[in-house]
Amino acid sequence: MRKAGRMVAEILQILREKVRPGITTMQLDQLAEEQCIKWKARPAFKGYGGFPFTICASPNDRVVHGFANHEPLLEGDIVSIDFGLIVDGFYGDSAVTIPVGEIDQETTQLLQVTKNSLDAGIAAARPDGHLSDISNAVQLLVEKNGFSVVREFVGHGIGRQLHEDPQIPNYGLPGRGPKLKEGMTIAIEPMVNAGLAGVKVLEDGWTAVTVDGKRSAHFEHTIAITAHGPEILTRL
Ligand code: MG
Ligand code: MG
């Protein structure tokens, strides 16, 4: 799991360095796939339920599961990149939202709050805590800052499968659900909207967008729960 997580983190770092006005999400997708081939890892999303790309590329009002395309990213945009791979039989999964050039103040805050909510969720992933302690920590931080948590998509267990039980919603009361145990590996992934929480899926059957057209951010880490607390596997 550490090896898979590290590869995911390194590939996302390579993509992050390429993001600038003018680049297309298709170029980023190809780069991610080439890097997987080079490192003898297999992209986790391509072919998963028929998903056609190596990365999920979701700019601006796209929430998750966006398709890569040939439209150049523009100054002031944001783009969420979700990426996973499998190597030696184990999966890693992580997402980041990256600014394209200079972004406005509200968008900067949206990214910071979403990132902070992921950190809060991770900090709540302690042995003998409950699953929904994570959910509650994410929700509190997001709503305290005036943004909305997406309900339709959730974090998940991860290991020999990309998506394992349990599901990890980004909202809920604390102290509920299964007990967290040392050795569990999970992916925590808040999706946060600047406006309303509602999302809808486009006709491609995958791309989720905000109902009000406002922006959305997504950060995700694969972590391991250890006796000493959470270990982030997809961070460099
Ligand atoms: Mg992911
Ligand atoms: Mg995930």
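Values in this document were obtained by computation on a predicted structure and should not be read as measured data. Whatever order the structure lists them in is the order used to number ligands and atoms, beginning at 1.
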field: Ser58-Ser80 side chain donor-acceptor pair, cut-off 3.5 Å
entry: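 Distance-only check fails for Ser58 and Ser80.
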task: Could you confirm whether His156 has any N/O/S atom lying under 2.8 Å from the Mg ion (ligand 2)?
output: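 An N, O or S atom of His156 is closer than 2.8 Å to the Mg ion (ligand 2), so yes.
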- request: Kindly confirm whether the Mg ion (ligand 2) is within less than 2.8 Å of some N/O/S atom in Asp82?
  value: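 Checking the Mg ion (ligand 2) against Asp82, no N, O or S atom falls under 2.8 Å.
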query: Can you tell me the N, O or S atom of Asp93 that's nearest the Mg ion (ligand 2)?
result: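 The Asp93 atom nearest to the Mg ion (ligand 2), restricting to N, O or S, is OD2.
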- prompt: Charged N to carboxylate O below 4.0 Å: is that the case for Asp61 and Lys214?
  reply: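 No, no charged N to carboxylate O under 4.0 Å.
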field: Carboxylate-amine/guanidinium contact Arg6 Glu10, below 4.0 Å
entry: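 A salt bridge links Arg6 with Glu10.
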field: Arg151 NZ/CZ over Tyr171 ring centroid, <6.0 Å and within 45° of normal
entry: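 Because its charged atom sits under 6.0 Å from the ring centre and within 45° of the axis, Arg151 does stack over Tyr171.
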Geometry at the Mg ion (ligand 2) - Glu220 OE2 versus Glu189 OE2 angle, rounded to 10 degrees: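 Taking the Mg ion (ligand 2) as the apex, I get 90° for this pair.
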